[in-house]
Amino acid sequence: MSTGADSALVVQKYGGSSVSTAEKIRSIARKICDRARTGDRLVVTVSAMGDSTDDLIRLANAATGPDISPPLREMDTLLSTGELVSSTLMAMAIHSLQQDAVSLSGQQAGIRTNAIHGSARIASIDTARINRELDAGRIVIVAGFQGLDDTGDVTTLGRGASDTTAVALAAALSAERCEIYTDVDGIYTTDPRIVPGARKLSEIGYEEMLEMASLGAKMNPRSIELAAVYEVPVLVASTFDDVPGTLIHGGEPTMELRRAVTGIAIDKNVAKITVRGVEDRPGVAGGILQPLADDGISVDVIVQNTSDDGTTDFTFTVGEADAQRALSAVERQGNVQFREVAQGGELAKVSIVGTGMQNGPGYASTMFTALAGAGVNIDMITTSEIRITCIVQRSDVSAAANALHDAFELDRTE
Ligand code: ASP
Ligand code: MG
């Protein structure tokens, strides 16, 4: 194997469904060995096998009984073992194919984090050990989703965060690029299960991808954020099908990036909280939302009406799973007087996303006209520089997404 200075350093990541059985691990090991023979230096991050992280969570809850949640420190050490299983098995499989490989836990790989168990953030990566192993001609397999805090305790980075490990490693190692292999073969213009004409994009910008990711496309938004900051090109591609994936990058807009609207993001798990008859004075919005922030609930779309008789209505959306907690947080807070608060569910968010929109007029009206033509009522509207979002009834998602895909001609290549 060549380890010459001109060989590319690449970080790869394989997701849980790609490494769910020993057979799959062996077949990925073969691909990794083939790639290493081309001369590329490889650091490979893996997720835990299949749903094994969920199994570990179930075990923890069974051990503590229904009324007591497991201590977070113990939980993190437990959950980190899922990725130790897959990374060690991967190293063994590669060994069996006559290639030298070494598995490293997050700690051994030099990944330091803050001390927020369950959703730790990476503070730094000391790459000395990884570089030593690479220099010795080894393929380095790093357990995803974990690190070590300043007290020497194992932390985990949050669900789905092996992507974050991979991008962080690519940044710290100044890798040529990060390759995320998964059970989808790239990023599509929208969800192909909802819009049959959805098309795979050959490339997408970081900001667009960030909008698509946080609005439902399959990719951990934190990892995209990190990739954007450190300008790490990220390829998302299929683990087992040898077809071109999607390159997420920040280069000059070419080809598809020139399109005004790149994709339609869909999030079907939206609920809204409407607070009526809110006194209209400075501090009201903060007063209502602070208790939610304290509870770790993220608020998304916020709409406040202009005041009528000194009172106003204040509506915001949260993820469906947080709706009940958000409602009680508003009821509990004593900061702000209001007449009534109600929760509405069964909503969805449909957004058109594209960097090209920021300097062109008419996208909003095209969007609204298309939705009207499909008989879709808009409940709330919000925009950013590169996105226009409508909150609609969940039952209207398919009609809305299909109408928008047509209106913006997203099935067209070029
Ligand atoms: N195994 C972890 C999880 O299931 C991390 C990951 O898969 O990225 O959330
Ligand atoms: Mg997983």
Side-chain angles (χ1 to χ4, degrees), residues 11-22 24-25 28 43-61 69-70 72-91 103-109 111 113-114 116-122 125 141-149 153-171 178-184 187 209-210 213-214 216-227 232 234-240 245 248 269 296 319 321:
V11 175
Q12 298 189 331
K13 180 255 174 177
Y14 294 90
S17 59
S18 301
V19 296
S20 58
T21 64
K24 288 185 179 180
I25 290 177
I28 293 170
V43 174
V44 178
T45 307
V46 285
S47 289
M49 294 173 72
D51 296 329
S52 60
T53 305
D54 294 321
D55 297 340
L56 291 171
I57 292 171
R58 269 191 291 277
L59 267 179
N61 288 325
S69 21
L72 293 174
R73 176 191 178 278
E74 306 306 329
M75 193 67 169
D76 268 2
T77 304
L78 176 70
L79 295 188
S80 73
T81 64
E83 271 71 7
L84 297 181
V85 171
S86 51
S87 58
T88 48
L89 291 176
M90 185 63 80
S103 70
L104 299 176
S105 66
Q107 168 180 10
Q108 290 169 322
I111 300 175
T113 74
N114 65 14
I116 316 284
H117 285 288
S119 55
R121 297 249 160 188
I122 297 176
I125 303 182
I141 316 293
V142 178
F145 164 71
Q146 56 187 273
L148 198 72
D149 71 14
D153 285 332
V154 172
T155 52
T156 65
L157 309 178
R159 296 308 307 269
S162 294
D163 288 351
T164 307
T165 302
V167 173
L169 284 170
C178 181
E179 301 175 348
I180 307 276
Y181 291 101
T182 169
D183 50 4
V184 298
I187 307 301
M209 186 59 218
L210 204 49
S214 47
K218 213 180 164 186
M219 183 84 201
N220 184 321
R222 248 170 86 189
S223 61
I224 307 293
E225 227 167 71
L226 202 58
V232 178
V234 178
L235 176 78
V236 179
S238 160
T239 306
F240 297 109
I248 309 167
N269 294 306

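Just follow the structure's listing: the first ligand is 1, and inside any ligand the first atom is 1. Computed from a predicted structure; not experimentally measured.
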Close-contact set for ligand 1 against Arg159 heavy atoms, below 4.0 Å: 3 (C), 4 (O), 9 (O)
Close side-chain approach of Leu157 and Arg222, heavy atoms under 4.5 Å: yes
Polar atom proximity, Gly158 to ligand 1 (N or O, under 3.5 Å): no
Touching ligand 1 at all, Gly16? Heavy atoms, strictly under 4.0 Å? no
Polar side chain donor-acceptor pair, Ser103 to Ser87, under 3.5 angstrom: no
Report yes if Ser47 has an N/O atom closer than 3.5 Å to an N/O atom of ligand 1; otherwise report no. yes
Return the CG to CG distance between Leu169 and Leu104, rounded to the nearest 0.5 Å. 9.5 Å
Can you find a heavy atom in the side chain of Val236 that is under 4.5 Å from one in the side chain of Met209? no
Donor on one side chain, acceptor on other, Thr113 and Thr155, under 3.5 Å: yes
Does some non-hydrogen atom of Ala161 fall short of 4.0 Å from ligand 1? yes
Can you confirm, on distance only, whether ligand 1 has an N/O atom lying under 3.5 Å from any N/O atom belonging to Asp163? no
